[in-house]
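In what follows, chains carry the letters A, B, and so on, assigned in the order in which the sequence lines appear, proteins first and then strands, with residues in each chain numbered from 1.
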Number of protein chains: 2
Amino acid sequence: MSENSFRNSGIAAVAALAGVSTGTVSKALNGTGQLRESTRLRVRAAAEEVGWLPNGAARSIRSGRTYTVGVITTDSYGRFSIPILRGVEDALGLGEMLCFLCDSRDDPIREQHYVRTLLARQVDGIIAVGRKVDPRTPLGENLPVPVIYAFAPSTDPQDCSVTADERGGARRAVDHLVKTGRRRIAHITGLENHASAALRAEGFLAAMASQGLEPVGDVWYGSWSEEWGHNGVRALLANHPDVDAIFCGSDQIARGAAYELERHGRAIPDDVALIGVDNWSPFTDGYRPHLSSVDLNLSTIGRRAGEALLSALDGAPRPGTQIVDCDLIVRESSGPRG
Amino acid sequence: MSENSFRNSGIAAVAALAGVSTGTVSKALNGTGQLRESTRLRVRAAAEEVGWLPNGAARSIRSGRTYTVGVITTDSYGRFSIPILRGVEDALGLGEMLCFLCDSRDDPIREQHYVRTLLARQVDGIIAVGRKVDPRTPLGENLPVPVIYAFAPSTDPQDCSVTADERGGARRAVDHLVKTGRRRIAHITGLENHASAALRAEGFLAAMASQGLEPVGDVWYGSWSEEWGHNGVRALLANHPDVDAIFCGSDQIARGAAYELERHGRAIPDDVALIGVDNWSPFTDGYRPHLSSVDLNLSTIGRRAGEALLSALDGAPRPGTQIVDCDLIVRESSGPRG
DNA sequence: ATGAAAGCGCTAACAT
DNA sequence: ATGTTAGCGCTTTCAT
């Protein structure tokens with residue numbers, strides 16, 4: 001099978017076999033210049049036969065472009081960067097461009113190291129992927145290639161960032177709960193010093209106010225764990241037994257909350273409705289009831305970041321922070337009750 | 001800050017500024033040849049000043065090496081490939097080599113496309129990462145660069161594969177349960193047609209036999225979900241109320257099992273001990289009791305794969321399938337009782 | 001100790 | 001329609 005035996009010979013070998021010059025081979029293989037169709041075919045056949053593959057390095061050295069983007073993540077390739085990466089890859093067009101993946105492990109030294117390494121590899125651009133929405137310091141100043149910040153925006157408003165609409169997600173959750181007849185709504189969420197928690201709480205409080213409703217208790221800050229879902233619900237029920245809906249800061253919290261509500265004999269969604277955030281299926285669909293959840297649309301964030309990069313490479317940078325809408329995925333836990 | 005203004009000028013600019021030839025610059029910058037120390041320093045200073053960075057493409061074109069490896073994953077960068085990638089990156093030495101990450105999405109067409117693309121980019125080698133231990137067909141024949149299969153081994157025993165010791169993991173779990181005094185042990189696991197489930201069941205049965213114990217019920221196959229943990233335990237207790245330990249095929253199953261045992265008034269670990277697989281913290285540490293779990297050591301698998309690749313590049317390929325040991329992480333759910 | 005020049009694989013401008 | 005050649009940025013002989 002010549003199909004799979006890549007000998008990687010170089011354009012000269014092809015030229016020799018086809019009985020033409022290297023220039024002709026180049027034209028034939030790239031569809032440039034004017035060649036007799038027969039020549040083109042003969043050259044193509046020869047290339048196939050010697051198992052020729054283009055040499056990316058040689059091409060890059062001339063064009064100055066590598067069709068490669070560097071992705072630096074602070075997330076140890078975690079739960080957030082994965083869907084984002086998928087989106088980036090989609091935008092970059094199925095293998096036309098490739099991604100160098102670098103895990104900075106949240107270490108500024110490693111990060112700088114990767115920036116230099118990537119620039120030395122002549123990447124066409126860099127995408128910095130965060131694991132939270134807290135703004136981050138820029139990768140550097142006057143970098144010779146465009147940089148896009150995904151999820152965690154840059155602190156410099158002139159940079160191009162793409163991030164999630166945390167406030168809007170909270171609003172959607174509240175509006176849905178209210179529309180389905182809930183009025184006594186609480187918000188149990190994660191660490192107070194995370195921008196995600198703060199923004200969601202802000203959105204929650206604003207949405208409640210605009211609905212003319214009082215939140216049930218203050219915002220219940222805790223941690224991002226299933227365990228806090230249990231403890232939060234325990235505290236909540238002790239003080240506000242009349243609660244009829246809880247907007248949770250994550251699906252893990254919501255899952256814990258669901259189990260704890262069950263222990264207290266509260267039916268979901270009839271007695272208490274539940275909505276989480278992340279739309280992370282191991283937790284939303286892990287058990288009954290399946291959990292309603294705010295999807296941050298991370299893949300879309302990645303795709304937009306990829307598109308922004310392509311646009312910048314095209315000479316049309318898009319400075320400023322772009323905000324991607326959230327979606328509310330409604331499942332059993334916030335169902336019916338009109 | 002010249003530190004951060006990368007102008008990327010090329011060796012000629014450095015030469016001009018330092019008042020030497022390009023050859024000398026090359027030697028100075030690479031520490032080769034014989035140069036007066038003063039010259040070396042002068043050149044280095046000049047390079048710094050013009051913000052010079054090496055041009056990887058130009059280097060590759062000469063050396064034939066790119067210090068780049070292609071990683072093709074079938075996992076949509078999922079839960080398994082992430083820790084593996086981390087290990088690969090560790091082995092490849094903190095940014096000396098970089099990884100192209102390609103998501104084949106389990107589509108053979110996409111996979112072949114990526115193979116060609118990677119070869120065209122002159123990668124030094126390829127690592128194929130799977131999301132399960134089921135053997136997979138090789139990437140291709142006679143590829144011009146070494147290929148290592150991680151997690152999912154190649155069906156060709158001549159290829160170099162690194163995979164997990166699923167059987168051994170099950171054995172460790174059983175041995176630990178027996179050593180701490182449990183005798184009535186059941187195995188609730190995932191899909192019967194997954195190699196992981198089959199191998200773990202095999203290991204479980206073998207370990208039980210060698211301990212002179214009868215498994216409680218047949219192996220309880222189901223799905224890889226928390227929900228199956230609930231249903232499996234329900235079925236198990238209905239038929240075998242005397243069970244005193246359960247080895248679960250995943251942490252999600254174990255978490256579901258834990259909740260269901262609680263509903264039935266069985267204390268963990270006193271009445272029933274529990275061990276999962278994956279050591280996936282959102283589930284093992286999400287709530288009480290923290291779950292004991294078999295860690296497949298995916299990072300180690302990645303690291304070994306990276307090392308095997310380096311070894312192959314060094315002219316010392318390691319054909320055959322290498323099996324990486326599992327570790328049992330003991331937590332509350334399989335604690336005490338002598 | 002340093003410089004000059006060839007050449008890596010390829011493309012494009014310029015001959016023919 | 002095809003061939004010839006210069007040159008991309010760098011390393012490496014080979015001269016000096």
Full working for salt bridge (Lys or Arg N to Asp or Glu O under 4.0 Å) between B:D90 and A:R105: CA-CA 12 Å; B:D90 282 341; A:R105 297 176 199 184; 3.0 Å; yes
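- Regarding B:R65, its CZ atom lies at a distance of 17 Å from the P atom of C:dG9, rounded to whole Å.
- Rounded to an integer number of Å, the gap from CZ of A:R36 to P of D:dG3 is 10 Å.
- In this entry the distance linking CG of A:L53 with C1' of C:dG9 reads 13 Å, nearest Å.
- The side chain of A:S21 sits closest to D:dT4 out of D:dG9, D:dT4, C:dT11.
- In this structure, A:Q34 places its CD atom 13 Å from P of C:dA13, rounding to the nearest Å.
- Each of B:G23 and B:A58 has a nearest nucleotide on DNA chain D; the 5'-most of these lies closest to B:A58.
- Toward the 5' end of DNA chain D, the nearer of the two residues A:G19 and B:S26, judged by each one's closest nucleotide, is A:G19.
- OP1 or OP2 of D:dT2 lies within a sub-4.0 Å distance of a side-chain N or O belonging to A:T39.
- Map B:T22 and A:T32 each onto its nearest nucleotide of DNA chain C; the residue landing nearer the 5' end is B:T22.
- For B:T163 (side chain) and B:V133 (main-chain N/O), no donor-acceptor pair under 3.5 Å exists by modelled atom type.
- Annotation for B:T74 and B:G130: closest pair OG1-CA, 3.6 Å, computed over non-hydrogen atoms.
- As a whole-Å value, the separation of B:K27 NZ from C:dG3 P is 8 Å.
- In this structure, the nucleotide among C:dA1, D:dT11, C:dT11 sitting nearest to the side chain of A:N30 is C:dT11.
- Sorted by first and then second residue, the salt bridge (Lys or Arg N to Asp or Glu O under 4.0 Å) pairs involving residues 128-137 of chain B (not counting sequence neighbours) are B:D106-B:R131, B:E111-B:R136.
- Taking 4.0 angstrom as the limit, A:N55 places none of its side-chain polar atoms (N or O) nearer than this to OP1 or OP2 of C:dC8.
- Counting heavy atoms of neighbouring residues, nucleotides and ligands inside a 6.0 Å radius, atom OH of A:Y67 does not exceed 12 of them.
- Taking for each of B:G33 and B:I61 the nucleotide of DNA chain C with the nearest heavy atom, the 5'-most of the two is the partner of B:G33.
- Neither OP1 nor OP2 of C:dA12 sits under 4.0 Å from any side-chain N or O of A:R62.
- If you check D:dC10, D:dG3, D:dT2 against the side chain of B:W52, the one that comes closest is D:dC10.
- Ranking C:dG3, C:dT11, D:dT11 by closeness to the A:I11 side chain, first place goes to C:dT11.
- Nucleic acid contact for B:V20: sugar-phosphate only, since backbone atoms but no base atoms lie under 4.0 Å from a heavy atom of the residue.
- Salt-bridge formation is detected for the pair B:E307/B:R303: a Lys NZ or Arg NE/NH1/NH2 atom is positioned less than 4.0 Å from an Asp or Glu carboxylate oxygen.
- Between A:R59 and the phosphate of C:dG9, there is no side-chain N or O to OP1/OP2 separation shorter than 4.0 Å.
- In this structure, CG of A:L29 is placed 15 Å from P of C:dG9, rounded to the nearest angstrom.
- Taking 4.0 angstrom as the limit, A:T24 places none of its side-chain polar atoms (N or O) nearer than this to OP1 or OP2 of D:dT2.
- Counting to the nearest Å, the P atom of D:dA1 and the CG atom of A:L35 are 8 Å from each other.
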